[in-house]
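Everything on this sheet refers to the single structure shown next.
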Number of protein chains: 2
Amino acid sequence: MLPDSNRSRTSVKNEVQLSTVSVDCVIFGLEADALKVLLVQHDSGVMEGQWALPGDYIRNDIDLEKMPGMVLSQLTGLDNVFVELFDVMGKVDRVSHQRVITAAYFALINTEKYELKTGLGARDVKWVDIHNIPALIYDHNEIIKRGHEALKLKLRREPIGVELLPKLFTLTQFQRMYETILDITLDTRNFRKKIIKEGILQDSGQKEVNVPYRAPNLYSFDAEKYDELRSQGYFLNIY
Amino acid sequence: MLPDSNRSRTSVKNEVQLSTVSVDCVIFGLEADALKVLLVQHDSGVMEGQWALPGDYIRNDIDLEKMPGMVLSQLTGLDNVFVELFDVMGKVDRVSHQRVITAAYFALINTEKYELKTGLGARDVKWVDIHNIPALIYDHNEIIKRGHEALKLKLRREPIGVELLPKLFTLTQFQRMYETILDITLDTRNFRKKIIKEGILQDSGQKEVNVPYRAPNLYSFDAEKYDELRSQGYFLNIY
DNA sequence: TACCTTTATGTAAAATTTACAATATGCTCC
DNA sequence: GGAGCATATTGTAAATTTTACATAAAGGTA
């Protein structure tokens with residue numbers, strides 16, 4: 001990039017090209033058995049009543065990477081959530097009437113425990129199952145599809161989902177997390193063998209209580225062990 | 001995102017926030033035994049004489065994803081090259097005096113065969129070995145580092161490098177491509193066994209000619225076979 | 001024909017993957 | 001206290017894959 005007063009030959013000399021830039025967030029909500037996406041319904045304007053991904057126009061006095069956190073904070077009250085950029089949509093005609101470039105981020109949170117708030121010009125906010133996304137404005141359906149692919153790839157490289165589980169969790173919870181996000185079914189025996197062998201989980205010696213069946217063992221995540229694996233280029237092959 | 005006349009509550013009402021947006025390209029050049037990056041030297045302006053990644057400000061009448069191709073075309077004359085977005089840098093203070101958001105793309109091409117041209121306000125253009133990148137302007141060194149990580153990850157999922165090899169190539173060329181890009185050394189016997197077993201290469205039955213040693217067999221890439229693998233979530237584990 | 005350089009290849013041991021189903025536990029209800 | 005219910009937990013044999021490692025083959029050159 002040549003960001004000084006000398007403009008490139010493809011740009012108009014001495015005239016800085018300005019653009020409208022927004023941030024769109026695919027906020028994935030993990031439940032015990034379903035993966036959902038947070039959608040907002042526009043309050044007014046041309047798109048009144050239509051459903052869309054939560055997002056906002058960027059502000060030039062705020063770091064771009066802080067924007068998705070702000071969106072999330074306004075809709076869920078959550079802070080310090082895992083968020084990652086996965087794409088940028090920049091076709092000239094993706095939005096009618098004006099060219100809007102959007103940075104697409106995904107986040108992964110727990111749908112439980114947090115109360116949704118309307119905000120950001122939204123009349124309504126709701127969780128929708130990933131398999132049942134309605135028609136959204138612009139290219140938002142495509143953004144969700146790509147976001148899910150990015151999430152799945154990420155999960156195979158990093159167990160980002162453990163942060164959504166309690167400090168101590170059962171192997172079944174751990175497996176369901178993978179199954180739900182990756183949208184696959186796993187063989188329990190083989191999955192456990194693999195995870196145990198990798199050593200990223202530690203048996204706490206405790207058992208869950210107050211369950212009306214055999215109490216499962218509780219495990220914790222061994223971050224050190226995992227960091228060791230990641231430095232060697234970790235990729236979880238499960239099908 | 002709520003891109004209609006109704007602005008979000010975090011934005012100033014009825015005033016569209018505009019931004020300066022650029023594209024920076026980490027153009028990787030593959031040689032027989034080295035991975036290089038294309039750098040340009042600024043012609044004039046505040047950054048005169050300093051080295052940087054090639055890039056340009058975006059134009060609002062051109063699809064964002066077409067920009068890196070245009071940059072590449074101007075510097076190398078190459079068209080239809082593999083290019084992929086891997087990050088967006090958007091900190092407020094990453095560039096002095098004005099906030100510039102940049103979309104970072106990487107490309108992978110062959111340094112041979114193509115003549116570099118100065119262009120885009122560049123006084124000079126050159127290939128620099130990935131291990132010897134000088135201090136660049138702004139956060140360009142960081143962008144290269146991230147671009148290399150993205151390239152390595154991509155190569156493990158897709159054999160993007162084959163397009164840089166001749167239609168018919170030797171297993172040694174194929175192996176060197178992986179070694180150079182991933183910056184590792186591979187065991188020849190094990191690498192060949194793995195690749196052959198995967199079936200993504202076809203023995204053409206021909207041999208290279210005019211070599212002053214045992215003539216190696218020539219192979220071609222089996223795109224169909226690879227597509228089959230990719231649909232099952234391909235990831236090449238080699239160390 | 002001897003030599004140089006690079007290609008091509010095998011194998012045994014260890015580790016991993018795969019495909020399967022029966023038993024163990026804790027609680028509830030009678 | 002025993003039967004029933006629901007989930008947790010676990011093993012194994014076969015097939016496949018990975019790992020570590022060294023020698024012979026081929027083509028050209030001198």
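So you know, we letter chains A, B, ... as the sequences are listed, proteins then strands, and number each from 1. Side chains are part of it too, since the values below use all heavy atoms of this structure and drop only hydrogens, waters and symmetry mates.
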Taking only N/O atoms, report every protein-nucleotides 11-16 of chain C pair under 3.5 Å with atom names and distance.
| unit_1 | atom_1 | unit_2 | atom_2 | d |
| --- | --- | --- | --- | --- |
| C/dT11 | O4 | B/Lys193 | NZ | 2.8 |

| task | For A/Gln175 and D/dT7, give me the distance from atom CD to atom P, rounded to whole Å. | result | 14 Å

| remark: Atom CG of A/Asp187 and atom C1' of C/dA21 are separated, to the nearest Å, by 11 Å

| field | Under the salt bridge (charged side-chain N to carboxylate O under 4.0 Å, His left out) test, residues paired with B/Asp222 that sit two or more places apart | value | none

| CG/B/Leu201 to CG/B/Leu218 distance, rounded to the nearest 0.5 angstrom? | 11.5 Å

Show me the donor-acceptor pairs within less than 3.5 Å that the side chains of residues 25-39 of chain B make with the rest of the protein, sequence neighbours left out.
| unit_1 | atom_1 | unit_2 | atom_2 | d |
| --- | --- | --- | --- | --- |
| B/Glu31 | OE2 | B/Thr111 | OG1 | 2.9 |

| said: Tell me the interatomic distance from A/Asn210, atom CG, to D/dT7, atom P, rounded to whole angstroms. | reply: 16 Å

| Under 4.0 Å protein heavy-atom contacts per nucleotide of nucleotides 22-27 of chain D, with B for base, S for backbone only and - for none | B--BBB

| message | More than 12 heavy atoms of other residues, nucleotides or ligands under 6.0 Å from CD of B/Glu142: yes or no? | response | yes

| Atom pair distance, as rounded to whole Å: CD in A/Gln206 and P in D/dA8 | 17 Å

| task | Kindly state which residues belonging to residues 230-239 of chain A come within less than 4.0 angstrom of DNA chain C, counting heavy atoms of the residue only, listed by number. | result | none

| query | Hey, mind stepping through A/Tyr234 and A/Tyr226 against ring pair (Phe, Tyr, Trp, His ring centres under 6.0 Å) and telling me if it holds? | reply | CA-CA 9 Å; A/Tyr234 181 75; A/Tyr226 164 69; 5.7 Å; yes

| remark: When rounded to whole Å, the CD to C1' distance for the pair A/Glu198 and C/dT17 reads 13 Å

| request: Answer yes or no: is there a side-chain heavy-atom contact under 4.5 Å between B/Ile137 and B/His42? | output: yes

| field | Atom-to-atom span, CZ of B/Phe169 to P of C/dT7 - whole angstrom | value | 14 Å

| Within this structure, what is the CD1-to-P distance between B/Ile196 and D/dT18, rounded to whole angstrom? | 14 Å

| Rounded interatomic separation in angstrom, taking CZ from A/Phe191 and P from D/dT9 | 13 Å

| query | Shortest non-hydrogen contact from A/Leu164 to A/Asn110? | reply | O-ND2, 2.8 Å

| Student check: side-chain heavy atoms of A/Gln175 and A/Thr172 closer than 4.5 Å | no

| field | A/Asn217 side chain near D/dA8 phosphate (N/O to OP1/OP2, under 4.0 Å) | value | no

| message | With a 4.5 Å cut-off on side-chain heavy atoms, are A/Leu153 and B/Arg157 touching? | response | yes

| Looking for any heavy atom pair under 4.0 Å, which part of the strands does A/Thr172 touch: base, sugar-phosphate only, or nothing? | sugar-phosphate

| Donor-acceptor contact below 3.5 Å, side chain B/His140 vs main chain B/Ala52 | no

| task | Scan residues 208-219 of chain A for pairs that pass side chain to side chain donor-acceptor pair (under 3.5 Å), counting only residues two or more places apart or in two chains. | result | A/Lys207-A/Asn217

